[in-house]
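Working notes, structure below.
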Amino acid sequence: MVADASEESDFAAIQRRMTQAIIDADGVSSPALDDIRPSSLSAARRLAIYRYNVITNLTNALTDLYPVVCNIVGVPFFREAARVFIVSVPSISGNLNDFGEQFGVFLRGYLPAAELPYLTDVATIEWQWHRAFHAADGDSDAAMDATSLISRLGELDPDTLPNVCFALHPAVALIQSRFPLFTVWQMNQPDYDGAWEIDWTCAEMVVVHRDGFAVTIRQIDSATFAFLSALVEKKSLAEAFELALNADAQFNLQGFLLSSVQSNIIIDFSSPA
């Protein structure tokens with residue numbers, strides 16, 4: 001039996017009231033209480049149980065998603081920040097993997113974290129790891145290895161080579177920070193055994209990418225960042241190379257292309273007709 005328009009409208013209204021009641025700290029006077037069927041427990045008590053379960057599950061999801069942020073600020077601080085985020089930025093997707101993208105932006109304006117301005121960038125790197133893990137694979141028919149790269153590029157007219165456009169794997173993400181982002185992230189890994197000194201004046205850049213099922217976060221230099229950023233913007237090989245050379249006159253194009261293909265960062269290229 002198909003519900004008519006009025007029934008669908010009523011159901012949508014109930015959902016909206018329930019959603020608001022879940023994120024509302026004071027559910028005692030919520031209009032959603034009238035939608036809850038009578039039971040041995042009061043409507044307010046049943047709503048409170050449901051709210052607790054939702055907030056707890058979403059908090060646990062954020063804790064799993066942002067382990068480095070959690071490690072930096074501590075569990076009690078993180079869980080309270082997560083609670084405020086959940087009620088301030090409600091999920092708009094039925095897929096739990098979509099939840100939490102705005103957490104880094106939220107931390108930038110979260111007053112208790114004001115003394116840790118780098119937290120936003122740390123959250124960004126962790127979200128991009130999550131995004132890379134769940135990203136689609138590149139087109140396997142077009143994906144290249146180092147051998148096929150050399151072969152296919154060798155078939156091109158040398159005059160057209162500067163106009164080639166390389167394609168990045170869908171999981172690739174570039175992050176530029178005014179803080180020592182990679183160092184902070186690395187020092188908060190469970191297996192870290194290096195030095196504990198941080199130069200807070202050092203800005204760092206990273207690339208996040210996935211090779212098979214393994215997601216890698218790697219520090220890169222300014223020339224590599226410039227080149228990959230140009231590819232993101234669909235610039236040609238010549239344009240990308242020029243930007244990389246502006247950052248580092250010793251930029252090794254051939255070595256960079258080979259390593260990028262081998263690590264599944266670059267997966268294809270297109271050439272002008």
Side-chain angles (χ1 to χ4, degrees), residues 23 25 51-91 93 95-135 171-221 224-225 263 265:
I23 64 175
R51 181 190 300 111
Y52 173 82
N53 289 334
V54 170
I55 298 296
T56 298
N57 288 338
L58 291 177
T59 299
N60 291 339
L62 289 174
T63 304
D64 292 339
L65 183 58
Y66 294 102
V68 173
V69 174
C70 184
N71 191 55
I72 291 172
V73 302
V75 174
F77 186 103
F78 184 89
R79 295 188 73 86
E80 173 58 18
R83 184 194 66 79
V84 177
F85 171 75
I86 291 166
V87 300
S88 303
V89 189
S91 175
S93 171
N95 186 347
L96 191 59
N97 289 327
D98 295 335
F99 180 64
E101 180 178 3
Q102 300 300 320
F103 190 58
V105 176
F106 163 81
L107 288 174
R108 183 180 295 124
Y110 186 55
L111 290 180
E115 296 183 358
L116 303 172
Y118 60 89
L119 276 186
T120 292
D121 291 351
V122 175
T124 298
I125 203 175
E126 296 202 273
W127 174 260
Q128 292 300 341
W129 188 101
H130 171 80
R131 172 190 164 276
F133 184 81
H134 293 282
V172 172
L174 300 169
I175 305 170
Q176 184 176 31
S177 175
R178 61 188 178 94
F179 302 104
L181 173 62
F182 180 78
T183 301
V184 171
W185 177 84
Q186 191 176 45
M187 291 176 64
N188 282 276
Q189 299 308 302
D191 58 350
Y192 180 75
D193 60 356
W196 291 99
E197 294 80 9
I198 297 181
D199 179 6
W200 289 102
T201 66
C202 180
E204 294 180 350
M205 294 159 280
V206 301
V207 58
V208 182
H209 63 98
R210 190 184 76 216
D211 189 2
F213 294 104
V215 178
T216 299
I217 296 174
R218 181 162 56 89
Q219 185 177 4
I220 56 177
D221 57 33
T224 299
F225 186 89
S263 58
I265 293 177

Contact check, side chains of V184 and W200, non-hydrogen atoms, under 4.5 Å: yes
Under 3.5 Å: donor-acceptor pair, side chain of R108, backbone of T120: no
Side chain proximity check, L65 to F99, heavy atoms < 4.5 angstrom: no
side-chain contact (heavy atoms from CB on, under 4.5 Å) partner of I72, the single match among Y118, F77, Y66: Y118
Whether Q128 side chain and A173 backbone form a donor-acceptor pair below 3.5 Å: no
Distance, nearest 0.5 Å, that separates OG1 of T124 from CD1 of I175: 6.0 Å
Pairwise distance CG(D191) to CD(Q186) - rounded to 0.5 angstrom: 9.0 Å
Audit row: V69, L107, side-chain contact (heavy atoms from CB on, under 4.5 Å) steps and yes/no: CA-CA 10 Å; V69 174; L107 288 174; 4.1 Å; yes
Modelled atom types, side-chain donor and acceptor of N53 and T56, under 3.5 Å: no
Heavy-atom side-chain proximity of Q189 to I217 below 4.5 angstrom: no
Atom OH of Y52: over 12 foreign heavy atoms under 6.0 Å: no
Straight-line distance of L58 CG to T63 OG1, nearest 0.5 Å: 10.5 Å
Which atom of L62 lies closest to which atom of F78, heavy atoms considered: O-CZ, 3.4 Å
Side-chain touch V87/I55, heavy atoms, less than 4.5 angstrom: yes
Whether W129 and F133 hold their rings parallel, tilted or perpendicular, with breakpoints at 30° and 60°: parallel
Shortest non-hydrogen contact between A171 and R131, atoms and distance: O-NH1, 3.3 Å
Heavy-atom closest contact (W127 atom, N97 atom, distance): CH2-O, 3.6 Å
H209 side chain near R218 side chain, heavy-atom distance below 4.5 Å: yes
Minimum heavy-atom distance L119-A113, with the two atoms named: CD1-CB, 4.0 Å
Gap separating the CG atom of D199 from the CD atom of E204, nearest 0.5 angstrom: 8.5 Å
Closest non-hydrogen atom pair, D121 against R178: OD2-N, 4.3 Å
Close side-chain approach of V122 and L181, heavy atoms under 4.5 Å: yes
Main-chain N/O of V89 paired with Q102 side-chain donor or acceptor, under 3.5 Å: no
Side-chain heavy-atom pair L174, I220 within 4.5 angstrom cut-off: yes
S263 versus D211, closest heavy-atom pair with distance: O-CB, 3.8 Å
Non-hydrogen side-chain atoms of Q219 and W185 separated by less than 4.5 Å: no
Modelled atom types, side-chain donor and acceptor of R79 and N60, under 3.5 Å: yes
